[in-house]
Amino acid sequence: MTAGRIGIMAAMPPELQAVLDLMPDEHRETLAGRHFWPGRLAGNDVVAVVSGIGKVAAATTATLLIERYGVQALLFTGVAGGLGDGVRVGDVVAANQLMQHDLDVSPLFPRHEVPGYGLSRFTADPTWQGRLSQAARTTLNHRVQHLGQKAVNDFGLAHARVHEGLIISGDRFVATSAESDALRRELPDALAVEMEGAAVAQVCLDCGVPFAAVRTISDRADDSAHVDFNRFVSEVASRYSAAMVLACLQARQPAH
Ligand code: ADE
């Protein structure tokens with residue numbers, strides 16, 4: 001059955017693991033070197049998959065989800081580096097727009113414009129974005145329940161917030177202050193940087209599939225961007241992803 005089927009993507013296995021743990025009847029299918037996990041989640045028909053890191057890996061995976069698995073909406077979850085003022089480690093950003101910060105076909109086209117599309121920013125589906133940001137607020141309100149008090153204290157998450165705005169994507173892990181300062185100068189309204197979202201948004205636009213993305217901030221995309229990254233992903237971001245995806249799907253009326 002593919003009616004109303006939802007695709008759930010993350011770039012790395014630890015980002016998706018807690019989502020898979022919520023799927024009681026999932027099974028693994030391997031296609032193009034990726035493991036796809038069809039199953040059910042909160043009464044919805046879903047396919048979860050780890051895309052791999054970067055725009056090409058994500059675009060290939062999104063295309064397979066749409067063409068082979070017939071997903072009719074696609075959600076991306078995982079971590080991102082915080083860029084915007086006040087976007088701190090442990091905050092959550094729901095994208096309303098996504099763009100490729102490393103796309104530059106100037107002088108043939110304006111900087112960042114995607115040739116053939118006449119635009120540089122892709123818009124997230126407002127209904128799914130609304131569900132994800134509401135799910136993010138609910139999740140952060142129950143952060144101690146999801147993470148335990150120790151993780152909240154260790155990672156300093158007591159005042160974590162949800163933001164909505166621009167997420168930028170590029171094939172580079174941003175790990176120096178010089179680079180993140182340059183991105184802030186170039187794209188002052190960018191809240192967070194990651195490596196997949198805008199590519200998936202472009203595939204979804206091509207195929208007419210609604211897309212939304214939500215990212216937990218794992219670092220400030222500066223000289224300390226690598227510190228405790230793996231521990232943060234497994235102890236915080238993966239649990240947040242599962243809680244947010246679950247709450248988002250519970251808010252949706254499943255197709256029968
Ligand atoms: N994902 C998480 N942190 C990131 C960073 N600093 N740069 C790019 N992608 C990221």
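As a basis for the values below, the full set of heavy atoms in this structure was taken, side chains included, without hydrogen atoms, waters or symmetry mates. In listed order, ligands and their atoms are each counted from 1. Note that the coordinates shown come from a computational prediction; the quantities given were computed from them, not determined experimentally. Numbers here are sequence positions counted from 1.
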Enquirer: Is Ala175 in polar range of ligand 1, meaning some N or O pair under 3.5 Å apart?
Expert: no

Enquirer: Using a 4.0 Å cutoff against the non-hydrogen atoms of Val193, which atoms of ligand 1 qualify?
Expert: 4 (C), 8 (C), 9 (N), 10 (C)

Enquirer: If we only count N/O pairs under 3.5 Å, is Gly81 in contact with ligand 1?
Expert: yes

Enquirer: Out of Glu196, His101, Arg172, Glu15, who gets a non-hydrogen atom closest to atom 8 (C) of ligand 1?
Expert: Arg172

Enquirer: Pairing donors with acceptors under 3.5 angstrom, does anything connect the side chains of Gln17 and Asp21?
Expert: yes

Enquirer: For atom 9 (N) of ligand 1, tell me which residue out of Arg220, Glu179, Glu194 has the closest non-hydrogen atom.
Expert: Glu194

Enquirer: With distance as the sole test, does Ser133 use its side chain to make a donor-acceptor pair with the main-chain N or O of Ala94 at under 3.5 Å?
Expert: no

Enquirer: Is a salt bridge present between Asp154 and Arg231, judged by a nitrogen-to-oxygen distance below 4.0 Å?
Expert: yes

Enquirer: Find all atoms of ligand 1 within a distance of less than 4.0 Å from any non-hydrogen atom belonging to Ala221, and give their numbers and elements.
Expert: 6 (N)

Enquirer: Could you check whether Thr61 and Arg34, counting side-chain N and O atoms only, form a donor-acceptor pair closer than 3.5 Å?
Expert: yes

Enquirer: Below 4.0 Å, non-hydrogen atoms only: which portion of Asp219 touches ligand 1? Side chain, backbone, both or neither.
Expert: side chain

Enquirer: Under a plain distance cut-off of 3.5 Å, with no hydrogens placed, do Glu196 and Ser169 share a side-chain donor-acceptor pair?
Expert: no

Enquirer: Can you see whether Asp91 engages His163 through a side-chain donor-acceptor pair at a distance of less than 3.5 angstrom?
Expert: yes

Enquirer: Under 4.0 Å, counting heavy atoms only: does Ala80 come that close to any atom of ligand 1?
Expert: yes

Enquirer: Output the list of atoms in ligand 1 that are nearer than 4.0 Å to some heavy atom of Ser218, sorted by atom number.
Expert: 2 (C), 3 (N)

Enquirer: Just one of His112, Lys55, Arg172 clears the side-chain hydrogen bond (donor to acceptor under 3.5 Å, both in side chains) bar with Asp102, so which one?
Expert: Lys55

